[in-house]
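One-based numbering, in listed order, for ligands and for the atoms of each.
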Amino acid sequence: MSSNHHPYQLAGFEWKGKHSVIEVNGSKIGGQELCIIAGPCAVESEEQINTIASFLSKQGIKFLRGGAYKPRTSPYAFQGLKKEGLRLLKQVSEKHQLNIVTEVMDLSLLEEVYDYTDILQVGARNMKNYQLLKELGKSKKPVLLKRGMDATIEEWLLAAEYILLGGNEDVILCERGIRTFDNSTRNTLDLAAVPQIKYFSHLPIIVDPSQGTGIRQLVEPMSLAAIAAGADGLMIEIHNNPQNALSDGPQSLYPEGFADMIPKMKKF
Ligand code: PEP
Ligand code: MN
């Protein structure tokens, strides 16, 4: 137990005494800028990822998300394009000058994913994969650590502590909703986590209203609410053809919907 009565130390606010800013190729996460990470749930084809990347780049977005290895609830669901998905992400990110955010689903995939991404995403289902967190602690790239769907704030910050303790200081937290009794939304997006994390920790925190609600029309209001709550950024799923998306179509914004949202977000 540290002197401030919580079990994490390196993740605690007092460890730094100020909020951390993480820089990725000149773009900042934390501080005054709002970081927007957008893209499809999964990379599906060259045409799909190129269309979306080109659109995002024209909108001034600096971070492209897209899963190549997807953790799906059903083994019958699309599992991602795997190595080909990584290759396509790299190709379009170079073409459109975007930083890549993609998930490393398992320790055995870390070496493969590492070279293809700028930020290593740890999915909600892996927040308590401590062996993976320890290895990420030795890595030189920033880690986006999603909140486990059953994780308390303390468990989440202790998961971050594993990465920090290994020597990797660049951890970005991502609130993506938790499981509650309510089933009208896919998850219950816990926006109180944002000011709580700001109080307890120096680490930047972003919000994923797409997994957080599972419903397209809730993405804009919850994005604005996340900004109002003090989030350092957003992770938003968009798709050029959501009706035919291979994963998470119902929560994916149309490009026009995303473009409409940008001036509203900037107003904050
Ligand atoms: C995703 O970002 O597509 C995803 C699978 O997220 P989570 O790990 O939060 O469920
Ligand atoms: Mn998704």
More than 12 heavy atoms from other groups under 6.0 Å of [atom1] on [X]:
X: E112; atom1: CD; result: yes
X: Q243; atom1: CD; result: yes
X: K28; atom1: NZ; result: no
X: E169; atom1: CD; result: no

Per-atom contacts of ligand 1 with [X], taking only distances under 4.0 Å to non-hydrogen atoms:
X: E237; value: 1 (C), 3 (O)
X: R176; value: 7 (P), 9 (O), 10 (O)
X: G123; value: 8 (O)

Can Q79 and R72 be counted as having a side-chain donor-acceptor contact under 3.5 angstrom?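 Judged by distance alone, the side chains do not pair up.
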Please tell me whether E14 and Q9 have a donor and an acceptor in their side chains that are separated by less than 3.5 angstrom.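 Side-chain D/A pair, E14 to Q9: absent.
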Check M149 against ligand 1 and report side chain, backbone, both or neither, counting heavy atoms closer than 4.0 Å.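 None of M149 does.
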Mind checking whether K70 contacts ligand 1 via backbone (N, CA, C, O), side chain (CB onward), both or neither, at a 4.0 Å heavy-atom cut-off?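 The answer is the side chain.
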Taking the non-hydrogen atoms of C41, is any one of them nearer than 4.0 angstrom to ligand 1?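 The answer is yes: ligand 1 sits under 4.0 Å from a heavy atom of C41.
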4.0 Å heavy-atom contact, Q121 with ligand 1: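 Yes, Q121 has heavy atoms under 4.0 Å from ligand 1.
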Which heavy atom of the protein is the closest neighbour of [atom], given with residue, atom name and distance?
atom: atom 2 (O) of ligand 1; value: R65 NH1, 2.7 Å
atom: atom 1 (C) of ligand 1; value: Q211 NE2, 3.3 Å
atom: atom 8 (O) of ligand 1; value: A124 N, 2.8 Å

Run the ring-centre check on F13 versus H19 and record whether the distance is less than 6.0 Å.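 Ring-ring flag for F13/H19: true, centres closer than 6.0 Å.
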Could you check which N/O/S atom of E237 is closest to the Mn ion (ligand 2)?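 Output for this pair reads OE2.
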Find, among atoms of D248 that are N, O or S, the one nearest to the Mn ion (ligand 2), and state its name.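 Answer by atom name: OD2.
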From Q48 CD over to L81 CG, what is the distance, rounded to the nearest 0.5 angstrom?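 Those atoms lie 8.0 Å apart.
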When you compare ligand 1 with P71, is there at least one nitrogen or oxygen pair between them that comes in under 3.5 angstrom?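 Checking ligand 1 against P71, no N or O pair falls under 3.5 Å apart.
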Ligand 1 and K146, any nitrogen or oxygen pair closer than 3.5 angstrom?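 In this structure, K146 places an N or O atom under 3.5 Å from an N or O of ligand 1.
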Quick one: does NZ or CZ of K141 land under 6.0 Å from the six-membered ring centre of Y114, within 45 degrees of the ring axis?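 Yes, K141 sits over the ring of Y114.
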